[in-house]
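All values reported here derive from a predicted model rather than from experimental measurement.
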Amino acid sequence: MGRPRKFSREGVLQRALPVFWKFGFARTTLLDLEQATGVNKSGLYAEFESKEALFVACLRHYLATRTSGALLTAEPLGWGNIERFLEEAPSCAFDQKGCFSVNSMRELDCLPAEARKVIADGSAKLKQLLGANVAVENPKMDAKPVRELISVFFSGICIEANLNPDRRRAQRKIRDFMRMLKAA
């Protein structure tokens, strides 16, 4: 009989996620993960099978625990939810910038196929939530392109947060963007 684990899966995910977020999938080493989690290689592989599986588990954990769903389902639906989402979602936990899922898209070609699917599914769910908020406002334009525009703007503001973490500057851009949306 093997020795009992001295770590929790949840704890490993919470400590590995910021490492993947900071360095990306390709640049994160097993040593980085061992140091961050306090779990040795054999313990990590016993729980997650591989670095790829740990990354996918971190991505799923992130998508399941981020606040965007709550922000976009708050009543009443509409522009207010979208604006709060754009302002709050990129300023996530772990002292990281942007959005882990959006940041991960930058290395899509080297990600495991399962990670690409998790990202695509998360993006589809986000677009569905955005679409529900847009539809309530009954914009002059068709709701689908407006939803797509918001999604692209969100990705851009998240990536820009890595280059320029000035929240006031981002908030100005979000206010200007929201004025454009409301006029469209």
Side-chain angles (χ1 to χ4, degrees), residues 1-72 85-127 129-130 151-171 173-174:
M1 186 162 118
R3 293 186 311 189
R5 301 188 309 187
K6 295 183 178 179
F7 62 88
S8 73
R9 183 178 180 88
E10 177 83 11
V12 170
L13 293 174
Q14 289 175 352
R15 290 187 291 282
L17 176 57
V19 178
F20 282 124
W21 198 332
K22 181 177 182 180
F23 297 114
F25 173 74
R27 289 184 33 227
T28 296
T29 67
L30 192 53
L31 181 60
D32 295 331
L33 294 168
E34 286 178 305
Q35 290 173 343
T37 63
V39 179
N40 65 23
K41 175 182 175 179
S42 63
L44 288 173
Y45 281 175
E47 183 68 24
F48 297 99
E49 297 180 12
S50 65
K51 174 183 155 183
E52 290 82 1
L54 176 55
F55 180 81
V56 170
C58 284
L59 194 53
R60 283 194 172 115
H61 174 74
Y62 172 77
L63 291 172
T65 59
R66 70 181 184 172
T67 60
S68 61
L71 292 169
L72 291 170
F85 165 73
L86 292 173
E87 288 175 351
E88 294 179 30
S91 58
C92 295
F94 308 117
D95 263 350
Q96 300 299 321
K97 299 172 187 128
C99 167
F100 178 53
S101 184
V102 170
N103 287 356
S104 296
M105 285 186 224
R106 295 182 297 189
E107 44 180 6
L108 218 47
D109 286 347
C110 72
L111 292 181
E114 191 175 354
R116 291 191 300 270
K117 181 177 178 349
V118 170
I119 290 169
D121 291 348
S123 179
K125 182 178 178 185
L126 174 62
K127 288 176 184 178
L129 294 171
L130 289 170
S151 179
V152 169
F153 180 83
F154 172 70
S155 294
I157 206 89
C158 288
I159 290 171
E160 190 173 87
N162 289 282
L163 299 171
N164 186 350
D166 180 2
R167 293 296 301 152
R168 289 182 302 237
R169 184 173 164 185
Q171 287 169 338
K173 289 179 181 185
I174 291 166

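With contacts defined as side-chain heavy-atom distances shorter than 4.5 Å, the pair E114/R60 qualifies. Side-chain contact between Y45 and L30 is present, with heavy atoms from C-beta onward closer than 4.5 Å. With a 4.5 Å cut-off on side-chain heavy atoms, H61 and E10 count as touching. Annotation: side chain of V118 is not in contact with side chain of F55 (no heavy-atom distance under 4.5 Å). Side-chain contact between L126 and L72 is present, with heavy atoms from C-beta onward closer than 4.5 Å. Inter-residue side-chain proximity for V102 and M105 is flagged as met; some heavy-atom pair is nearer than 4.5 Å. Contact of the F20 side chain with the L59 side chain is not registered, since no non-hydrogen atoms from C-beta on lie closer than 4.5 Å. Contact annotation: the side chain of L71 approaches that of E88 to within less than 4.5 Å [non-hydrogen atoms, C-beta and beyond].
In terms of heavy-atom proximity, G24 sits nearest to T28 at O-OG1, 2.6 Å. The shortest heavy-atom contact between G98 and A161 is N-CB, 3.8 Å. Nearest heavy atoms, A57 versus R9: CB-NH2, 4.0 Å. The shortest heavy-atom contact between I119 and S104 is CD1-CB, 3.8 Å. When every heavy atom of G69 is checked against every heavy atom of L129, the shortest pair comes out as CA-CD1, 3.9 Å. Across all their heavy atoms, R116 and L108 have their closest contact at CD-O, 3.3 Å.
The line from CD of E34 to OG of S42 is 8.5 Å long, rounded to the nearest 0.5 Å. Interatomic distance, K173 NZ to E160 CD, rounded to the nearest 0.5 Å: 3.0 Å. Annotation: the span from L33 atom CG to L54 atom CG amounts to 5.5 Å, rounded to 0.5 Å. Interatomic distance, I157 CD1 to C99 SG, rounded to the nearest 0.5 Å: 13.0 Å. The CZ atom of R106 lies 6.0 Å from the CD1 atom of I159; values are rounded to the nearest 0.5 Å. A distance of 9.0 Å separates CD in E47 from OG in S8, rounded to the nearest 0.5 Å.
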Let's go through F154 and L130 carefully: what are the C-alpha distance in whole Å and the side-chain angles of both, what is the deciding distance for side-chain contact (heavy atoms from CB on, under 4.5 Å) to 0.1 Å, and is it a yes or a no? CA-CA 11 Å; F154 172 70; L130 289 170; 6.0 Å; no
Open item on the list: Using side-chain contact (heavy atoms from CB on, under 4.5 Å), reason through L17 and Q14 one step at a time and then give a plain yes or no.
Closed with: CA-CA 6 Å; L17 176 57; Q14 289 175 352; over 6 Å; no
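Salt bridge status for K117 with D121: present, with a side-chain N to carboxylate O gap under 4.0 Å.
In the displayed structure, E49 atom CD is contacted under 6.0 Å by at most 12 heavy atoms of other residues, nucleotides or ligands.
Checked by atom type and distance alone, the side chain of N103 never pairs as donor or acceptor with a backbone atom of F100 at under 3.5 Å.
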